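Read the numbers this way: they start at 1 and go in the same order the structure lists the ligands and their atoms. If you're wondering where the values come from, they're calculated on a predicted model, not measured in any experiment.
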Amino acid sequence: MTEGVAGIKRGREKPIRNQHPWIYSGAISHAENAADGELVTVVNHKGRFLARGYWNSQSQIQARIMTWRDEAIGADWWRKMLSRAVSLRATHLTHAENAAYRLLNAENDFVPGLIIDRYADWYVLQALTRFIDQQKSAIAAALADVTGARNIYERSDVEARKHEGLQPAKGLLRGGPLPDVVEIDEGARYLVDIKKGQKTGFYLDQRDNRQLLRDLIRRRRAESRERIKLLNLFSYSGGFALAAGQFGELHSVNVDASRPALELAERNFQLNGYDEKTHGETAEFIQADAFDYLQHCVRENEIFDFVVLDPPKLAQHKSQAQRAARGYKHLNLSAFKLIQAGGYLMTFSCSGAISRDLFQKIVFGALADSGRQAQVIRQLSAAADHPVALSFPEGEYLKGLLLRVF
Ligand code: SAH
């Protein structure tokens with residue numbers, strides 16, 4: 001089959017030259033032989049080569065660019081891109097046994113529409129677009145070549161596939177059988193449910209921030225033996241509270257709306273041997289709406305030394321940014337009211353539609369209403385296995401602040 005061609009309108013090629021990987025229908029003048037889920041050569045109005053990418057007329061983003069060079073996208077290309085991604089992680093992450101990290105971060109590793117996460121000896125592939133969906137077995141073969149991966153599972157059960165005209169898909173691609181949970185080690189040990197857990201099973205993007213909380217708790221412990229109270233809101237499987245453990249005399253309150261998430265959190269506490277007898281660690285697991293739970297804490301005048309606020313994406317789209325902003329403000333306002341003077345708030349937004357600047361303004365608005373004072377100790381973002389392509393600002397979805405509160 002001959003490769004299709006997508007022509008770009010005169011005056012619309014600048015973003016492509018600037019290496020933005022998305023081409024919307026409005027920029028396209030004509031298409032020849034372009035088939036959904038297949039490669040296309042992207043040319044300017046004079047017919048000159050601009051890039052090579054893949055086509056889907058059913059998506060708002062009609063083409064996504066794989067390369068700006070006139071090169072073939074075949075087995076060698078997949079191996080090259082995967083090797084690059086592997087070497088980045090090898091340089092920037094300390095690999096323990098049972099390591100877990102994002103091996104390939106889609107557009108940000110220059111492979112639009114593909115996510116690969118690793119959990120110990122399991123690799124989880126997520127295909128977000130039609131072309132990637134059709135290339136699954138070629139990708140699995142290249143992944144096995146480059147990493148020696150034996151077990152590959154697909155978790156392509158995400159909303160975003162609807163925009164591509166695709167159904168959700170999940171199942172074994174290679175190896176197996178997949179156990180109910182896979183154990184990973186990040187300093188603390190966690191059980192990951194690859195088949196049914198959120199995302200591909202774990203929030204890998206928060207690794208550095210969990211480590212930062214761990215360091216803060218360790219230092220606080222070195223200063224004083226007093227019991228530390230941590231409120232871990234939107235706790236999922238206990239990520240932050242488990243990272244904070246091990247230094248003794250910690251009480252964590254873990255709140256999530258999901259029962260399976262909290263069950264996993266409890267199992268994770270047991271797995272790490274965090275209990276009252278050995279470490280003096282105590283934990284509560286509360287299934288509740290975190291908005292309501294915060295109100296309850298404010299009413300009861302509860303006080304915590306550390307609060308982690310890691311809500312799900314409140315804005316799915318730019319049009320929801322205002323509503324989301326009210327949600328973030330509400331959460332942060334309540335959180336400020338609960339923090340011991342000299343305590344810390346770690347607050348996040350993973351909405352791509354809320355910029356870092358806007359997020360800081362929202363948190364400031366909450367602070368002003370709370371009558372508290374706060375200092376920014378650090379700007380927070382995702383770990384190095386979630387790089388952001390400089391030409392793709394959309395890639396920076398996770399932003400956060402570490403605040404000291406008085
Ligand atoms: N901090 C976690 C990740 C949080 S992801 C970690 O480090 O692993 C967001 C979590 O919020 C999910 O576990 C989801 O179940 C939960 N959630 C979504 N809406 C909620 C709500 N209204 N109240 C409480 N939890 C909610």
Side-chain angles (χ1 to χ4, degrees), residues 100-102 117 119 157-159 181-194 196-214 216-217 230-245 252-269 271-272 283-298 306-316 320 323-324 326-332 334-335 344-352 354 380-383 385-386 397-402:
Y101 51 89
R102 175 149 296 185
D117 288 339
Y119 300 108
D157 49 341
V158 284
E159 280 290 301
V181 283
V182 170
E183 186 180 323
I184 61 163
D185 196 330
E186 224 190 59
R189 292 154 68 196
Y190 299 92
L191 299 173
V192 178
D193 180 347
I194 289 176
K196 299 196 294 292
Q198 297 184 24
K199 285 204 156 183
T200 60
F202 197 63
Y203 289 86
L204 293 165
D205 51 357
Q206 290 286 23
R207 181 188 317 100
D208 285 2
N209 301 319
R210 284 190 285 267
Q211 190 61 46
L212 179 61
L213 180 68
R214 186 183 184 80
L216 282 171
I217 302 264
L230 164 68
L231 179 59
N232 186 22
L233 292 158
F234 306 95
S235 65
Y236 188 50
S237 57
F240 280 97
L242 279 144
S252 66
V253 179
N254 299 279
V255 182
D256 202 283
S258 156
R259 173 60 23 213
L262 292 169
E263 280 166 9
L264 211 49
E266 283 195 57
R267 286 176 70 187
N268 283 335
F269 271 79
L271 178 72
N272 285 273
E284 289 172 65
F285 304 93
I286 296 170
Q287 186 182 8
D289 176 277
F291 287 83
D292 295 345
Y293 192 78
L294 271 167
Q295 293 307 309
H296 156 85
C297 290
V298 171
F306 293 84
V307 176
V308 175
L309 196 51
D310 185 20
K313 205 198 270 185
L314 297 186
Q316 304 294 334
Q320 298 167 337
R323 211 179 124 245
R326 284 197 295 275
Y328 288 118
K329 181 169 177 192
H330 189 70
L331 288 170
N332 282 279
S334 306
Y344 289 86
L345 172 64
M346 228 182 215
T347 181
F348 297 99
S349 160
C350 59
S351 301
I354 306 271
L380 307 174
S381 51
D385 52 338
H386 293 64
Y397 65 96
L398 182 66
K399 59 276 301 185
L401 293 164
L402 173 65

Suppose we measure from [atom] to each protein heavy atom; which comes out shortest, and what is that distance?
{"atom": "atom 19 (N) of ligand 1", "value": "Pro312 CG, 3.7 Å"}
{"atom": "atom 5 (S) of ligand 1", "value": "Tyr203 CZ, 3.3 Å"}
{"atom": "atom 22 (N) of ligand 1", "value": "Asp289 OD2, 3.0 Å"}
{"atom": "atom 3 (C) of ligand 1", "value": "Asp310 OD2, 3.3 Å"}

Should [X] be counted as touching ligand 1, given the test is an N or O pair under 3.5 Å?
{"X": "Phe234", "value": "yes"}
{"X": "Gly239", "value": "no"}
{"X": "Gln198", "value": "yes"}
{"X": "Asp256", "value": "yes"}
{"X": "Asn232", "value": "no"}
{"X": "Ser258", "value": "no"}
{"X": "Arg210", "value": "yes"}
{"X": "Pro311", "value": "no"}

State, without any angle test, whether Tyr203 and Asp310 hold a side-chain donor-acceptor pair at a distance under 3.5 Å.
-> no

**Asked** Is it the case that Thr347 and Tyr328 place a side-chain donor and acceptor less than 3.5 Å from each other?
**Response** no

With a 4.0 Å cut-off, would you call Asp117 and Lys199 a salt bridge?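 Lys199 and Asp117: not salt-bridged.
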
